[in-house]
Enquirer: 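A single structure is presented below for examination.
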2 protein chains.
Amino acid sequence: MGIQERKIRHKEDLRKRILEAAKKLFLTAGYEATSIRKIAKEIEFSPTTIYLYYKDKSDIIYALHQEGFQMMRQSFQPLMQVESPFERLKALGKCYINFAFTHPDFYELMFVMKDPMEYLEISCVETSWEEGERVFDFLLQTVRDCQDKGYFNGLDTKHVAMEAWASVHGMCALYVSGHLKSMMKVVFGDENHERMIEDAFRVLVHYLESTK
Amino acid sequence: MGIQERKIRHKEDLRKRILEAAKKLFLTAGYEATSIRKIAKEIEFSPTTIYLYYKDKSDIIYALHQEGFQMMRQSFQPLMQVESPFERLKALGKCYINFAFTHPDFYELMFVMKDPMEYLEISCVETSWEEGERVFDFLLQTVRDCQDKGYFNGLDTKHVAMEAWASVHGMCALYVSGHLKSMMKVVFGDENHERMIEDAFRVLVHYLESTK
DNA sequence: AAAATTAATGAACAGTGTTAACTTTTTCAA
DNA sequence: TTGAAAAAGTTAACACTGTTCATTAATTTT
């Protein structure tokens, strides 16, 4: 019986173990397959126990959502040291794409899926989106720094930042959803679609560079 | 009893009626709420009857997916008449965004959701994506025409087209998923997010224009 | 009219999120 | 140490989901 053992094994921070089980299921089997009952089986508890630690499924999914943003911010850490604003902007874009490529499930959860967004629309109001805010603020500041160096002349900082985000997000979203792959299979006959993202990104960088 | 009546009312093209019921549910209540049982109730038939006309739920969803692409291509029809390639490219972008704004559910189905994409990965192989192909081919040709007029010098047609698509898709995806709204609420304090898309699009057009 | 084919259905399987009522375990004061 | 209060966990159930199989009803053909 595993019932006796698991009481000896740290029964504290059960909340954390629920989240880890959810993450494991989410990364190996996807969002749909991450059910309350499977999480419960994973941690050897009754399904209803989970509701003592998380309000509902959205609550668990949102916890993973937040974890994703912490991971992303951590991967952006080295960019702080990049002196040149424009080099920093380019590196930010590359880093963002790299995150989506290495953690496609997290990327989808953070920037594509509606569920976590609807959750924080309903429940918590203020403390919610602050991780995402910090990431966007960093982009905003970098664009401002670029403008100080003569880039993006006559353009609004917010609009430039939004366009940059949308462009890179568009590439990542088409990649993680499989639309890029399907499209390229039909139009170009099965090419390397990761390479295509790199090429499209180079075109974007070319545009940005030309504003100086 | 409605059972007697519906036999008198056209019992032919039941396949079409299933699709219309599915569309109605999809547009009013969303993808998740579009269940086989609800479709069945809508057309006053047993749930199992639906399986005599469609392979499974994905099959129905993919039929809507195709319908969306026909709608989109129809909305692109007037663009054929635009003489100037660059004006046509700009109009294409505006038209694309307009489609996403007026048919957000269809846009999500066509360009965001994984389900229809996974469906045609498994089942049909050739005839599948041809509607989407036509749309992208039109973009490719328009970019080529722009290059003949001196735009996008030294850049690869495919890469320019892909970057343009990704940029505009990024804006639309962030809009329909609600991420733009949430982000702007926190960062800029609840501004008009439809206006923001327009502004970001203007920045993109500025970049494209600068290549001449 | 009887047989064969087609169309439609009812019941069931294996899942899902979630809640209410109940039981077990732990805590803590008398 | 015992007994009550509080906390933790579980069982059973509700209302759904997609999907399949065996069976019935309707239609067509012989």
Side-chain angles (χ1 to χ4, degrees), chain A residues 1-19 21-22 25-26 28-65 109 113-116 118-119 122-123, chain B residues 1-19 21-22 25-26 28-65 109 113-116 118-119 122-123:
Chain A
M1 288 292 147
I3 299 165
Q4 294 300 325
E5 299 170 51
R6 54 102 171 145
K7 281 179 188 168
I8 301 160
R9 299 200 301 261
H10 49 297
K11 72 171 179 184
E12 76 281 10
D13 56 12
L14 185 50
R15 205 181 136 89
K16 202 167 270 178
R17 284 179 56 210
I18 291 170
L19 195 63
L25 279 166
F26 175 73
T28 55
Y31 174 74
E32 289 297 320
T34 308
S35 73
I36 299 286
R37 282 175 175 83
K38 282 182 190 164
I39 295 170
K41 189 162 278 182
E42 184 77 27
I43 59 170
E44 293 173 299
F45 273 86
S46 162
T48 49
T49 303
I50 290 171
Y51 287 89
L52 301 173
Y53 295 87
Y54 288 92
K55 194 180 140 285
D56 52 22
K57 193 185 173 181
S58 297
D59 201 6
I60 302 172
I61 259 50
Y62 181 65
L64 285 179
H65 177 100
L109 189 65
M113 285 175 56
K114 292 173 95 170
D115 306 53
E118 283 164 359
Y119 172 77
I122 298 161
S123 60
Chain B
M1 288 292 145
I3 299 169
Q4 294 301 327
E5 299 170 52
R6 55 104 171 143
K7 281 178 188 169
I8 301 158
R9 298 200 300 261
H10 48 300
K11 72 172 178 182
E12 75 283 10
D13 54 14
L14 187 49
R15 206 181 134 88
K16 202 166 266 177
R17 283 178 58 209
I18 292 169
L19 195 64
L25 279 165
F26 175 73
T28 55
Y31 174 75
E32 290 298 320
T34 307
S35 73
I36 299 285
R37 280 175 175 82
K38 282 182 191 165
I39 295 170
K41 189 164 279 181
E42 185 76 28
I43 59 169
E44 292 174 301
F45 274 86
S46 163
T48 49
T49 303
I50 291 171
Y51 287 89
L52 301 173
Y53 296 87
Y54 287 93
K55 195 181 140 284
D56 52 22
K57 192 185 173 180
S58 298
D59 201 7
I60 302 172
I61 260 49
Y62 181 65
L64 285 178
H65 177 99
L109 190 64
M113 285 175 55
K114 294 172 96 171
D115 305 53
E118 284 164 359
Y119 172 76
I122 298 162
S123 60

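Below, read A as the first sequence line, B as the second, and so on, with proteins coming before strands; counting in each chain starts at 1.
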Enquirer: In this structure, how many angstroms lie between the C1' atom of D:dA8 and the CD1 atom of A:Ile43, rounded?
Expert: 13 Å
Enquirer: Return the minimal non-hydrogen interatomic distance between A:Ala40 and A:Ser46, and the atom names on each side.
Expert: CB-C, 3.8 Å
Enquirer: Side-chain contact, heavy-atom cut-off 4.5 Å: B:Phe26 with B:Ile61?
Expert: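 In short, these two side chains do not touch, never coming nearer than 4.5 Å.
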Enquirer: Consider the side chain of A:Ser35, meaning its heavy atoms from C-beta on, and name the nucleotide among C:dT9, C:dT16, D:dT10 that approaches it most closely.
Expert: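 The listed nucleotide nearest to A:Ser35's side chain is C:dT16.
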Enquirer: Taking N or O atoms only and anything under 3.5 Å, show me the protein contacts with nucleotides 21-24 of chain D, one pair per line.
Expert:
none

Enquirer: What contact category does A:Thr34 fall into here, base, sugar-phosphate, or nothing, at under 4.0 angstrom with non-hydrogen atoms?
Expert: sugar-phosphate
Enquirer: Counting distance only, does the side-chain N/O of B:Tyr54 pair as donor-acceptor with the main-chain N or O of B:Arg15 below 3.5 Å?
Expert: yes
Enquirer: Applying the side-chain contact (heavy atoms from CB on, under 4.5 Å) criterion to A:Tyr53, which one of A:Leu14, A:Leu19, A:Asp59 satisfies it?
Expert: A:Leu14
Enquirer: Starting from C1' on D:dG9, measure out to CD on A:Glu44 and report it in whole angstrom.
Expert: 15 Å
Enquirer: Let me know the distance between CD of B:Glu32 and C1' of C:dG17, rounded to the nearest Å.
Expert: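 Spelled out: CD on B:Glu32 to C1' on C:dG17 is 12 Å.
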Enquirer: Please determine, for the side chain of A:Leu52, which listed nucleotide (C:dG17, D:dG18, D:dT10) has the closest atom?
Expert: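 Nucleotide nearest to A:Leu52's side chain: D:dT10.
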Enquirer: Roughly how far, to the nearest 0.5 Å, is OG of B:Ser35 from CD of B:Glu42?
Expert: 11.0 Å
Enquirer: Return the minimal non-hydrogen interatomic distance between A:Ala33 and A:Lys38, and the atom names on each side.
Expert: O-CD, 3.3 Å
Enquirer: Tell me whether the side-chain N/O atoms of B:Tyr53 come closer than 4.0 Å to OP1 or OP2 in C:dA7.
Expert: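 Looking at the OP1 and OP2 atoms of C:dA7, neither is under 4.0 Å from any side-chain N or O of B:Tyr53.
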Enquirer: From CZ of B:Phe45 over to C1' of C:dT6, roughly how many Å is that when rounded to an integer?
Expert: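 Those two atoms, CZ and C1', are 14 Å apart.
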Enquirer: For C:dA8, does either OP1 or OP2 sit under 4.0 Å from a side-chain N or O belonging to B:Ser46?
Expert: no
Enquirer: How close or far is atom C1' of C:dT6 from atom CG of B:Leu14, stated in whole angstroms?
Expert: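 Result: 14 Å.
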Enquirer: Whole-Å distance between D:dA8 C1' and A:Ile50 CD1?
Expert: 14 Å
Enquirer: By nearest nucleotide on DNA chain D, pick out whichever of A:Arg37 and A:Thr49 is the more 5' one.
Expert: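 Its nearest nucleotide being more 5', the pick is A:Thr49.
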Enquirer: Just how large is the angle between the end axes of the helix from C:dA1-D:dT30 to C:dA30-D:dT1, five pairs per end, to 10 degrees?
Expert: 30°
Enquirer: Nearest whole Å is fine: how far is D:dT20 P from B:Lys57 NZ?
Expert: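 Distance check: B:Lys57 NZ to D:dT20 P gives 15 Å.
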Enquirer: How close or far is atom C1' of D:dT20 from atom CG of B:Asp59, stated in whole angstroms?
Expert: 17 Å
Enquirer: Grab the two heavy atoms, one from A:Ile18 and one from A:Ile43, that are nearest each other, plus how far apart they are.
Expert: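 Minimum heavy-atom contact is CG1-CD1, 3.6 Å.
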Enquirer: Rounded at 0.5 Å granularity, tell me how far OG1 in A:Thr34 sits from CG in A:Leu64.
Expert: 8.0 Å
Enquirer: Kindly write out the residues that satisfy side chain to side chain contact (heavy atoms under 4.5 Å, CB included) with A:Ile36, not counting sequence neighbours, or none if the list is empty.
Expert: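 Listed in chain order: A:Pro47, A:Ile50, A:Tyr51, A:Lys57, A:Ile60.
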Enquirer: Report which part of the nucleic acid B:Lys38 touches: base, sugar-phosphate, or nothing (heavy-atom distance under 4.0 Å, all strands).
Expert: sugar-phosphate
